[in-house]
Number of protein chains: 2
Amino acid sequence: MSGNQQVSRESEPAAREPAARRSDATRAAILAAARERFAADGYEKATIRAIARDARIDPSMVMRYFGNKEGLFAAAVTIELSLPDPATIPREELGRTLMRHFLSLWEENEVLTALLRAGATDAAAAERMQGVLREQLVPVVLGTCPDPAQAPVRAALCASQVLGLALTRYVLKFPGSVALEPEQIVDWLGPTVQRYLTAERP
Amino acid sequence: MSGNQQVSRESEPAAREPAARRSDATRAAILAAARERFAADGYEKATIRAIARDARIDPSMVMRYFGNKEGLFAAAVTIELSLPDPATIPREELGRTLMRHFLSLWEENEVLTALLRAGATDAAAAERMQGVLREQLVPVVLGTCPDPAQAPVRAALCASQVLGLALTRYVLKFPGSVALEPEQIVDWLGPTVQRYLTAERP
């Protein structure tokens with residue numbers, strides 16, 4: 001599933017260091033160009049050709065380093081939600097605090113919208129989103145939901161509301177969703193997230 | 001925006017009827033093949049070439065009738081939510097009833113998943129989803145929310161939860177979402193939809 005993986009240049013002997021440094025610089029230039037293109041154009045419209053041009057490199061080199069567009073996207077885009085520790089938040093404020101946090105992430109970070117677009121059509125991007133959920137949201141939910149065994153389900157319920165808002169507001173651009181002020185979204189969706197996190201049962 | 005529109009064959013004089021009938025039959029064959037392909041393969045993977053082959057027709061004819069893949073999708077796929085009339089449902093059951101209705105639509109109808117995938121990357125498909133919301137969901141919400149002026153916002157809030165569930169369960173396939181039984185989804189999400197439809201304020 002993971003495609004053709006190359007051994008990292010960093011693991012080569014010290015004698016190759018100048019070449020390795022050149023290689024690192026090339027890789028870094030491609031990744032920087034990819035991040036800008038994916039953020040500006042979205043996943044679908046950002047082409048390998050345009051990214052290569054931005055990085056002043058031949059498109060075949062991009063393929064050599066990253067295999068394909070999905071591989072480049074996965075390497076270029078690190079999703080760091082930086083979710084707050086629930087232990088530091090009054091329990092009755094969990095839903096609103098998390099909702100406000102997610103909303104400011106989405107408002108500021110077009111990469112999240114690009115990942116959502118990619119996840120809708122590409123299995124590798126969908127797997128990355130599963131990874132973000134598993135590694136970053138489930139641990140937070142573990143500290144808030146009544147039964148730890150339910151953490152994956154509670155996290156998925158929260159994700160359904162947070163991603164649904166992102167989908168309707170930033171991707172599908174439903175006028176009724178675009179019209180909402182951020183604090184109105186927190187007022188409406190915060191209690192929903194609160195319930196998915198903390199309610200004993202539905 | 002709407003591309004090159006052809007005058008409908010139906011509007012030609014009666015003398016041309018045999019040709020018009022052939023044309024109608026071709027059009028119908030393409031649409032039938034397209035519906036099956038979009039449902040089976042999803043929007044992205046369904047190709048004009050494969051649809052033309054299924055319809056036993058040249059791909060150039062598909063383009064001549066429908067312009068491009070988006071145009072074909074829009075013509076092939078009619079989204080009929082058949083939402084229940086809220087006047088026939090006890091007020092406290094609105095959220096659960098609508099949620100159960102949406103869920104059975106999604107469980108049975110792969111076209112909805114295809115439209116969601118398409119809407120994430122294609123502006124024409126996103127506009128179609130806006131149309132479904134405006135023409136089919138907003139009228140239902142008008143009969144349930146306290147202030148008719150808020151109907152577009154209330155409908156968008158409901159859509160954020162319903163489409164978010166569809167996204168996480170059918171497209172991204174988050175294990176915690178896939179694991180839920182339909183009735184568990186109704187238990188968890190029904191009260192959310194109820195609140196978006198009927199609450200005086202957040």
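Please read all numbers here as calculations on a predicted model, not as lab measurements. The sequence lines fix the lettering, A, B, ..., with proteins before strands; numbering per chain opens at 1.
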**Q** Go through A:S23 and A:Y65 one step at a time and tell me if the side chain to side chain contact (heavy atoms under 4.5 Å, CB included) criterion holds.
**A** CA-CA 9 Å; A:S23 161; A:Y65 277 78; 3.5 Å; yes
**Q** Please determine, among B:A199, B:A120, B:A125, the option with the most heavy-atom pairs under 4.5 Å with chain A.
**A** B:A120
**Q** Kindly give the heavy-atom pair with the smallest separation between B:F174 and A:A159, and that separation in Å.
**A** CE1-CB, 3.9 Å
**Q** To the nearest 0.5 Å, tell me how far B:T47 OG1 sits from B:I51 CD1.
**A** 6.5 Å
**Q** Could you grab the distance from atom CZ of A:R91 to atom CG of A:L197, nearest 0.5 Å is fine?
**A** 8.5 Å
**Q** Is any side-chain heavy atom of A:C145 closer than 4.5 Å to a side-chain heavy atom of A:T198?
**A** no
**Q** Give the interface residues of residues 31-38 of chain A toward chain B, defined by a heavy-atom separation under 4.5 Å.
**A** none
**Q** Return the option, out of A:G164, A:S160, A:G176, A:P191, with the maximum number of heavy-atom pairs under 4.5 Å with chain B.
**A** A:S160
**Q** Quick check for you: among A:T192, A:V171, A:L165, which has the greatest number of heavy-atom pairs under 4.5 Å with chain B?
**A** A:T192
**Q** Do you know which of B:M129, B:R195, B:R117, B:K173 has the most heavy-atom pairs with chain A at a distance under 4.5 angstrom?
**A** B:R195
**Q** Check whether any side-chain N or O of B:Q184 sits under 3.5 Å from a backbone N or O of B:E181 as a donor-acceptor pair, and report yes or no.
**A** yes
**Q** Is the closest side-chain heavy-atom distance between A:L163 and A:L167 below 4.5 Å?
**A** no
**Q** To the nearest 0.5 Å, how far apart are CG in B:L137 and CG in B:L81?
**A** 7.5 Å
**Q** What part of A:L172 lies closer than 4.5 angstrom to a heavy atom of chain B: side chain, backbone, both or neither?
**A** both
**Q** In residues 147-154 of chain B, which residues are in contact with chain A at a heavy-atom separation under 4.5 Å?
**A** B:P152, B:V153, B:R154
**Q** Counting C-beta onward and ignoring hydrogens, is there a side-chain heavy-atom pair between A:L189 and B:Y196 closer than 4.5 Å?
**A** yes
**Q** Can you tell which part of A:A155 gets under 4.5 Å to a heavy atom of chain B, answering side chain, backbone, both or neither?
**A** neither
**Q** Give, as side chain, backbone, both or neither, the part of A:I185 having an atom under 4.5 angstrom from any heavy atom of chain B.
**A** neither
**Q** Would A:E80 and A:Q136 satisfy side chain to side chain contact (heavy atoms under 4.5 Å, CB included), going step by step from the backbone distance to the final call?
**A** CA-CA 8 Å; A:E80 186 49 72; A:Q136 299 185 52; 3.4 Å; yes
**Q** Is the shortest side-chain heavy-atom distance between B:L157 and A:T168 below 4.5 Å?
**A** no
**Q** Can you list the steps and then say if B:I48 with B:F66 is a side chain to side chain contact (heavy atoms under 4.5 Å, CB included)?
**A** CA-CA 11 Å; B:I48 294 281; B:F66 299 99; over 6 Å; no
**Q** With no hydrogens and no angle check, is any side-chain donor or acceptor of B:T144 less than 3.5 Å from a backbone partner on B:V141?
**A** yes
**Q** Residues of residues 94-109 of chain B under 4.5 Å from chain A (heavy atom pairs)?
**A** none
**Q** For B:R134, which residues count as a side-chain contact (heavy atoms from CB on, under 4.5 Å) partner, sequence neighbours excluded?
**A** B:Q130
**Q** When rounded to the nearest 0.5 angstrom, what is the spacing between CZ in B:R64 and CG in B:D58?
**A** 10.5 Å
**Q** Find the distance between CD1 (A:I30) and CD1 (A:I57) and round it off to the nearest 0.5 Å.
**A** 4.0 Å
**Q** Should B:V77 and B:I79 count as side-chain neighbours, where that means a heavy-atom distance under 4.5 Å?
**A** yes
**Q** Who wins among A:K45, A:R169, A:Q161 for the most heavy-atom pairs under 4.5 Å with chain B?
**A** A:Q161
